[in-house]
Protein chains: 2
Amino acid sequence: MLFPMRDYYTPGEVAERFDLTLDTLRYYEREGLLRRVDRSPSGHRRYRADDVELLGLVRCLRDTDMPIARLREFAELVQAGDHTIHDRLDVLQRHQDRLDQRIAELRAHQTAIQHKIDYYVGVLADNAPRTVEETS
Amino acid sequence: MLFPMRDYYTPGEVAERFDLTLDTLRYYEREGLLRRVDRSPSGHRRYRADDVELLGLVRCLRDTDMPIARLREFAELVQAGDHTIHDRLDVLQRHQDRLDQRIAELRAHQTAIQHKIDYYVGVLADNAPRTVEETS
DNA sequence: GCTTGACCTGGAGCGCACTCCAGGCCCCAT
DNA sequence: ATGGGGCCTGGAGTGCGCTCCAGGTCAAGC
């Protein structure tokens, strides 16, 4: 099994699972995106299953361009306890709405770029036959 | 008319049209995203219709996250003349492909986030009725 | 006992895309 | 003639999100 169910995970395991560097992992912790992670007797980090789960969500949100500052706010809600679930939902739902907008925007721009492509293709089509004639 | 057909446009007009600052406009020129723009006798920039058109495309590509460096390469192709149209098409088509990928990625993450939202909604649904009983 | 490898810390550095600033010029309206 | 607006320049500064580094600790294997 690539990522077995266990009590604790090492930094290396977690970094590999989410394709993050150790530096980024520590950076996220410093920035308050994760709670202060447990340590082994020798001081090495030990990520619990719920750290890993939160990190999965963090990764998802970062990959969809949620800024670190908002992720920190979300993480603070998570730490504050179950009574913040409504607020968390709010954060996530707003993010989804922004994502809808962003996707629509990308699509619109993509259409505009396609028009430019079509225009260029037209230019090539107008020129290519002439080139064929010239070379024949 | 908001943006009349004219020989030249002022920096202010162009900035407003594309919702860019004058600083950004100058920055783009410095970075080679536009050719060296014409000047009035007093040294003020005068954007021609084709500057404006290219800027429109630049805006589109930037808004879809094409990095400045690649935009510069594209702008160099534009300046190099009509024989680069094939290369320009290549740049644009690759960008469209990346955009397809990016949109698919955003959608996938959005689905994952939706699962989290649904989970939270479930938690609220499990708790709310109990709260109602308690308060009645 | 020594090396290797995974990890630790605090802090500096980086790349990108702007963004801001001081000091100056020209032109037009009052 | 004076004041304001719009623009000019070169260069410094900003914010974000990492990323890198030096110097150190610890545990396991040869």
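Everything quoted here is computed from the prediction, not taken from an experiment. So you know, we letter chains A, B, ... as the sequences are listed, proteins then strands, and number each from 1.
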* To do: Assess whether side-chain contact (heavy atoms from CB on, under 4.5 Å) is satisfied between A:R48 and A:Y8, documenting all intermediate values.
  => CA-CA 5 Å; A:R48 299 190 314 221; A:Y8 288 110; 3.6 Å; yes

**Q.** Check: A:E31 side chain, A:R72 main-chain N or O, donor-acceptor pair, under 3.5 Å
**A.** no

Less than 4.0 angstrom between a side-chain N/O of A:T10 and OP1 or OP2 of C:dA6, yes or no?
no

Under a 4.0 Å N-O cut-off, is there an ion pair linking B:R94 with B:D97? no

- Has the side chain of B:D23 got a donor or acceptor that lies under 3.5 Å from a partner of the other kind on the base of C:dC18? no

Atom CG of B:L25 and atom P of C:dT19 are separated, to the nearest Å, by 13 Å

**Request:** Would you indicate whether the side-chain heavy atoms of B:R35 and B:V78 approach each other to under 4.5 Å?
**Result:** no

* Please step through salt bridge (charged side-chain N to carboxylate O under 4.0 Å, His left out) for the pair A:E105 and A:R102, ending with a clear verdict. => CA-CA 5 Å; A:E105 197 189 324; A:R102 178 62 178 150; 3.3 Å; yes

Should we say atom CG of A:D118 is surrounded by more than 12 heavy atoms from elsewhere, each under 6.0 Å from it?
yes

Per the under-4.0 Å heavy-atom filter, residues of residues 53-75 of chain B near DNA chain D come out as none

Atom CD of B:E31 and atom P of C:dC18 are separated, to the nearest Å, by 10 Å

From CD of A:E29 across to C1' of C:dC8 the rounded distance in Å is 12 Å

To the nearest angstrom, the CZ-P distance between B:F18 and C:dC18 comes to 15 Å

Contact span of DNA chain D against chain A, any nucleotide atom under 4.0 Å from a heavy atom, 5' to 3', runs D:dG17 to D:dC26

- Run the salt-bridge test on A:R17 and A:D51 with the 4.0 Å N-O cut-off and return the result as yes or no. no

Decide yes or no on side-chain contact (heavy atoms from CB on, under 4.5 Å) for A:L77 and A:E73, but give the supporting numbers first. CA-CA 6 Å; A:L77 290 176; A:E73 288 168 27; 5.9 Å; no

Distance col, row A:R62:CZ vs A:R70:CZ, nearest 0.5 angstrom, shows 11.0 Å

Separation of C:dC7 atom C1' from A:Y8 atom OH, nearest Å, is 17 Å

Separation of C:dC18 atom C1' from B:L22 atom CG, nearest Å, is 14 Å

*Does A:F18 offer a backbone N or O that forms a donor-acceptor pair with the side chain of A:R59 under 3.5 Å?*
yes

Contact check, residues 36-50 of chain B vs DNA chain D, heavy-atom distance under 4.0 Å, returns B:R39, B:G43, B:H44, B:R45

